[in-house]
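Chain A is the first sequence line, chain B the second, and so forth, proteins listed ahead of strands; every chain is numbered from 1. Excluded from the calculations below are hydrogen atoms, water molecules and symmetry mates; all remaining heavy atoms, backbone and side chain alike, are included.
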There are 2 protein chains.
Amino acid sequence: MTNAFSDRLRGYGRLNDEDERLLAAACQNVRTLRAGHHLIREGDRPDPVFVILEGWACRYKLLPDGSRQIMTFMMPGDFCDIHIAVLEAMDHNIVTLTRTKVATLPRAKMQALVEARPTITRAFWWAQLVDTGVLRAWVVSMGRRTAIERVSHLMCELYIRMRDVGLASHNRCEMPLTQLVLADALGLTPVHVNRTVKELRQAGVMDLGRGWLTILRPAEMARIAGFDANYLHQRLAGPGKFAVALAERTATAGRAARGLTPAPQ
Amino acid sequence: MTNAFSDRLRGYGRLNDEDERLLAAACQNVRTLRAGHHLIREGDRPDPVFVILEGWACRYKLLPDGSRQIMTFMMPGDFCDIHIAVLEAMDHNIVTLTRTKVATLPRAKMQALVEARPTITRAFWWAQLVDTGVLRAWVVSMGRRTAIERVSHLMCELYIRMRDVGLASHNRCEMPLTQLVLADALGLTPVHVNRTVKELRQAGVMDLGRGWLTILRPAEMARIAGFDANYLHQRLAGPGKFAVALAERTATAGRAARGLTPAPQ
DNA sequence: CGGAGAATTGACGCGAGTCAAGTAACGTGG
DNA sequence: CCACGTTACTTGACTCGCGTCAATTCTCCG
């Protein structure tokens, strides 16, 4: 009885069988939603907590001129703020980006979970700190990274997060985000995202298309992005492909700080 | 016995005298630090929770090429994540920007506070949700706002946050941030921040310099920024100057979406 | 097979960065 | 209280990354 919820929290603490059972039991009320369904709208009074079990969603805001900024991608195992209910009105929207399975956790059940299991409580805290870390990393990307660095960094992040919930391996994972969606997340235009993805593809660093991401040269990718996974606070930071990549990155730090090195053809 | 800590939390819940007393008592261990003192460094094991009582600090990250991105400004009443201790290493730095008074709260005291007073617990949750909202608003600014919109939006935010802890009134407050610091927060260069501040000054919208911010035409300022204070979740959203400004903004929404309107003589 | 959304590409413009040279404000010590 | 060094602020000229506009070409699916 495992699901994306416990898959994620397991990475943040030593859950025992009882913890896992309770987490699975908490996800009774599951809905399947099509892409484009709003889970939360700006101005709404906050609903109960929900967890993504399958599929992708995002938080976003609309600006007066009609442009959209995505602030968070939510993937399986991600959930909305636990204490959201104390607020009077939501200040942003959450919409599904693909067909999505969502579990709704009544406030009472949430409360019981937290009071009964300190391990789970700690895992919630941890998850919340990771989410904040991701948000901070986005600020850094938008503020100080070029388009190619931004795209690379986001792909590194999403790959690692997918891997941490068991949805990626061998430098490959599903990535059903359109270039328009990526543009709204990266603060770029779709046209420029396209050009940037093309550049990374031609350099043999990664491939992105038809719903899949493939990282072809992790070390080079991490170097371009200036990617350091520390903000994801992986408790079990084993020597996966990307850890190796980061070690290599250190070794090649002497090279030019930006720009691509030619593909090793 | 009031301080910036209770001043802030009071805005998020109905604290009674006992709550206020406990909060004040929790701030026994106070240090005064000069500008440039690091409260936290990347890689550190997290320390106890701290609260800013006077002065300013910021969270930031350094990039491989040496550039800096500030992710949060911390003003009196702001504190670091309450559950930070569950993490193994900090993923960013926190440094004071001015002479600063900081109170350190031992973990046990924190724990006692939360367990004894549900009102305070709720206020903590609320404060954390506001901090996250601010972070999301920054992502929006960096992603989709021009320089003049970004500067205006940040100044609106900082003014309101200062007012909410009783440190601003009559559209004026202390603002000891240099243009270099602002540039690192806004994802711009100091040169461009200077040009942008000049433009706003010449338009008679605001003045910023010598350590002070003055908002001369709040309605126009809010219009340029596309500022909506909802993400700050002010519980006591009385009709202050800025609420009025926002009402006016709605009334003038028909005008050109961007750009300045001429100063009214 | 056909329509809609997504991806792609080229030409051109502009907002913000870069470089460089000042001027003003501030803090410190004599 | 002034001299002086340091830091912050300004300004102009030029460059460039990314946006804009517009036209195709894919891809997916019903």
>> Tell me every residue that passes salt bridge (Lys or Arg N to Asp or Glu O under 4.0 Å) with B:Asp44, counting only those two or more places apart in sequence or in another chain.
In response: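 Here no residue qualifies.
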> Listed by chain and number, what are the salt bridge (Lys or Arg N to Asp or Glu O under 4.0 Å) partners of A:Arg195, not counting sequence neighbours?
Replying inline: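 A:Arg195 satisfies salt bridge (Lys or Arg N to Asp or Glu O under 4.0 Å) with no residue once adjacent residues are dropped.
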> First contact, last contact: which nucleotides of DNA chain C are these for chain A, 5' to 3', heavy-atom distance under 4.0 Å?
Replying inline: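 So the outermost contacting nucleotides come out as C:dA6 to C:dA11.
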>> I need the CG-P distance between B:Asn194 and D:dG12, as an integer number of Å.
In response: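 My rounded result for the distance is 11 Å.
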> B:Gly211 near the nucleic acid: base, sugar-phosphate alone, or nothing, with a heavy-atom cut-off under 4.0 Å?
Replying inline: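 Touches nothing.
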> When we call it a touch if two heavy atoms are under 4.0 Å apart, what does B:Thr178 touch: a base, just sugar-phosphate, or nothing?
Replying inline: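 Touches sugar-phosphate only.
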> Relative to the ring of B:Trp138, is the ring of B:Phe73 parallel (under 30°), tilted (30 to 60°) or perpendicular (over 60°)?
Replying inline: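 The arrangement is perpendicular - the two ring planes meet at more than 60°.
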> With a 3.5 Å cut-off and just heavy-atom distances, do the side chain of B:Arg201 and the base of D:dT10 make a donor-acceptor pair?
Replying inline: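 Answer no: no donor N or O sits under 3.5 Å from an acceptor.
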>> Using the ring-ring contact (aromatic ring centres under 6.0 Å, His included) criterion, which residues pair with B:Phe79? Sequence neighbours excluded.
In response: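 ring-ring contact (aromatic ring centres under 6.0 Å, His included) check on B:Phe79 returns B:Phe5, B:Phe124.
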>> Working to the nearest 0.5 angstrom, can you tell me the gap between B:Arg150 CZ and B:Leu188 CG?
In response: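 It comes to 4.5 Å.
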> What's the spacing between A:Met155 CE and A:Ile215 CD1 if we round to 0.5 Å?
Replying inline: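 Answer for the CE-CD1 pair, A:Met155 versus A:Ile215, is 9.0 Å.
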>> For a quick check, with a 4.0 angstrom heavy-atom cut-off, what is the B/S/- contact string for nucleotides 22-30 of chain D, read 5' to 3'?
In response: -----S---
What pairs of donor and acceptor atoms, side-chain ones from residues 57-64 of chain B against any protein atom, are under 3.5 angstrom apart with sequence neighbours left out?
from: B:Arg59; atom 1: NH1; to: B:His92; atom 2: NE2; distance (Å): 3.0
from: B:Tyr60; atom 1: OH; to: B:His38; atom 2: NE2; distance (Å): 2.5

> Where do A:Arg161 and A:Asp78 land on the side chain to side chain contact (heavy atoms under 4.5 Å, CB included) test, with the steps shown first?
Replying inline: CA-CA 10 Å; A:Arg161 284 171 55 194; A:Asp78 288 345; 2.8 Å; yes
